[in-house]
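Worth knowing before you read on, the calculation uses all heavy atoms, side chains too, and leaves out hydrogens, waters and symmetry mates. Throughout, numbering of the chain's residues begins at 1 and tracks the sequence.
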Amino acid sequence: ITRLGIGQNSSSFYDQELPYLENLLIKSIIKQKKYITKWLILIDVNTPKYVSEKLKKLIPHDILYICPLDPLLAGSIMPNISMILKDMGVKNNDKIITIRVDADDMLSNNYVSSVIDTICTNNLINTYNEISVNAINGIFFYPIRKKLVRVSKKDYSIQALYSIFGKDFHSVHDYPHGKIGKEVLNKGGHYCELDDQDFWIRTIRQHSVTRFGKKLNLFDARFELIKNFIKKILYKFL
């Protein structure tokens with residue numbers, strides 16, 4: 001599941017963001033396509049038409065599922081994932097793994113298979129109704145300076161959740177970000193972590209645009225860089 005520009009209709013935003021999606025995430029998804037049933041991309045209802053047309057051109061049609069969302073009408077930037085999955089043909093008692101990844105990030109080529117292997121080992125899927133899989137290790141990419149910095153981030157944005165479809169089903173977006181493992185454990189589920197490989201790349205840009213047109217200026221970007229550097233240095237103490 002990937003959110004792309006919810007609350008955005010500016011061409012300048014998409015012209016800035018699409019190169020990351022095209023050159024990083026899409027390529028990493030296609031390389032592990034055989035493990036992926038559908039790639040659900042949530043876009044704003046007012047997204048320029050050329051954006052969705054480009055997605056259809058770049059992403060294999062058999063896995064692509066584009067869902068337009070009107071955040072003002074829905075009152076939320078996240079729709080009901082269960083309803084969308086039902087529209088996609090998911091049936092009750094189907095075993096589902098949902099994965100969250102941002103549009104400007106990238107998954108390692110073995111990420112999805114590693115998540116599946118982890119869930120299927122030791123008979124976990126026959127023991128637990130929900131399993132949270134966390135990929136702690138990854139890389140921050142600073143494109144302005146062309147720097148790669150290896151980091152460890154517990155409960156980060158790259159998350160996977162196994163759940164059985166039905167009235168008690170949860171997608172990866174149904175739990176608070178950064179607390180998904182704890183929430184799953186509290187409900188009697190299982191939490192596990194992938195090994196020490198680098199499973200994701202997070203791009204940290206000098207200039208970025210968040211939802212509803214708010215811009216991240218140079219000072220804010222530098223503050224984020226310093227904050228993340230301090231967190232990296234002090235990680236083992238936090």
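Residues passing the side-chain contact (heavy atoms from CB on, under 4.5 Å) test with D195, sequence neighbours excluded: Q197, F199. Partners of Y65 according to the side-chain hydrogen bond (donor to acceptor under 3.5 Å, both in side chains) rule, which considers only residues two or more places apart in sequence or in another chain, do not exist here. Qualifying side-chain hydrogen bond (donor to acceptor under 3.5 Å, both in side chains) partners for T2, counting only residues two or more places apart in sequence or in other chains: W39. Qualifying salt bridge (charged side-chain N to carboxylate O under 4.0 Å, His left out) partners for D15, counting only residues two or more places apart in sequence or in other chains: none. In this view, N126 and N123 satisfy the side-chain hydrogen bond (donor to acceptor under 3.5 Å, both in side chains) rule, not counting sequence neighbours. D87 is linked by a side-chain hydrogen bond (donor to acceptor under 3.5 Å, both in side chains) to nothing, counting only residues two or more places apart in sequence or in another chain. Residues forming a side-chain contact (heavy atoms from CB on, under 4.5 Å) with I36 (at least two apart in sequence, or on another chain): I29, Q32, V112. Partners of K38 by salt bridge (charged side-chain N to carboxylate O under 4.0 Å, His left out), not counting sequence neighbours: none found. By the side-chain contact (heavy atoms from CB on, under 4.5 Å) test, P19 is found to be paired with N23, residues two or more places apart in sequence or in another chain being considered. Every side-chain contact (heavy atoms from CB on, under 4.5 Å) that L58 has, sequence neighbours left out, goes to E22, I26, K54.
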_For a side chain to side chain contact (heavy atoms under 4.5 Å, CB included) check, start with the C-alpha distance between L4 and L42, then their side-chain angles and the critical distance, and finish with the verdict._
CA-CA 6 Å; L4 175 63; L42 307 172; over 6 Å; no

*Checking side chain to side chain contact (heavy atoms under 4.5 Å, CB included) for the pair V149/Y142: CA distance, chi angles, key distance, verdict?*
CA-CA 8 Å; V149 180; Y142 300 89; 3.7 Å; yes

_side chain to side chain contact (heavy atoms under 4.5 Å, CB included) for I43 and R3? Distances and angles first, verdict last._
CA-CA 6 Å; I43 65 172; R3 291 186 294 180; over 6 Å; no

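Annotation: side chain of C192 is in contact with side chain of I131 (closest heavy-atom distance under 4.5 Å). Between K33 and Y35, the closest side-chain pair of non-hydrogen atoms is not below 4.5 Å. Contact of the I158 side chain with the K153 side chain is not registered, since no non-hydrogen atoms from C-beta on lie closer than 4.5 Å.
A side-chain contact (heavy atoms from CB on, under 4.5 Å) with I1 is found for one member of L85, I99, I81, V101 and no other, namely I81.
Around the OH atom of Y50, the shell of radius 6.0 Å holds more than 12 heavy atoms that belong to other residues, nucleotides or ligands. Within 6.0 Å of CG on D102 lie more than 12 heavy atoms contributed by other residues, nucleotides or ligands.
The nearest pair of heavy atoms linking S152 to N137 is OG-OD1, 2.9 Å. When all heavy atoms of T203 and D104 are compared, the closest pair comes out as OG1-O, 2.7 Å. Between V45 and P68, the shortest heavy-atom distance links the atoms CA-CB, 4.2 Å. Here the closest non-hydrogen pair linking L194 and S114 is CD2-O, 3.9 Å. Pairing each heavy atom of A160 with each of V115, the nearest pair is CB-CG1, 3.8 Å. Residues D44 and G5 approach most closely at CB-O, 3.6 Å, considering heavy atoms.
Expressed to the nearest 0.5 Å, how far OG of S52 lies from NZ of K57 amounts to 13.5 Å. Atoms OG and CD, on S11 and Q16 in that order, are 12.5 Å from each other to the nearest 0.5 Å. From I6, atom CD1 reaches atom CG of L69 across 5.0 Å, with rounding to the nearest 0.5 Å.
Each ring-ring contact (aromatic ring centres under 6.0 Å, His included) pair with one or both residues in residues 106-135, not counting sequence neighbours, appears once here: Y128-H190.
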Donor-acceptor contacts under 3.5 Å from residues 165-172 side chains, at least two apart:
unit_1	atom_1	unit_2	atom_2	d
H170	ND1	E130	OE2	2.5
H170	ND1	D168	O	3.3
H170	ND1	Y175	OH	3.2
S171	OG	H173	N	3.2

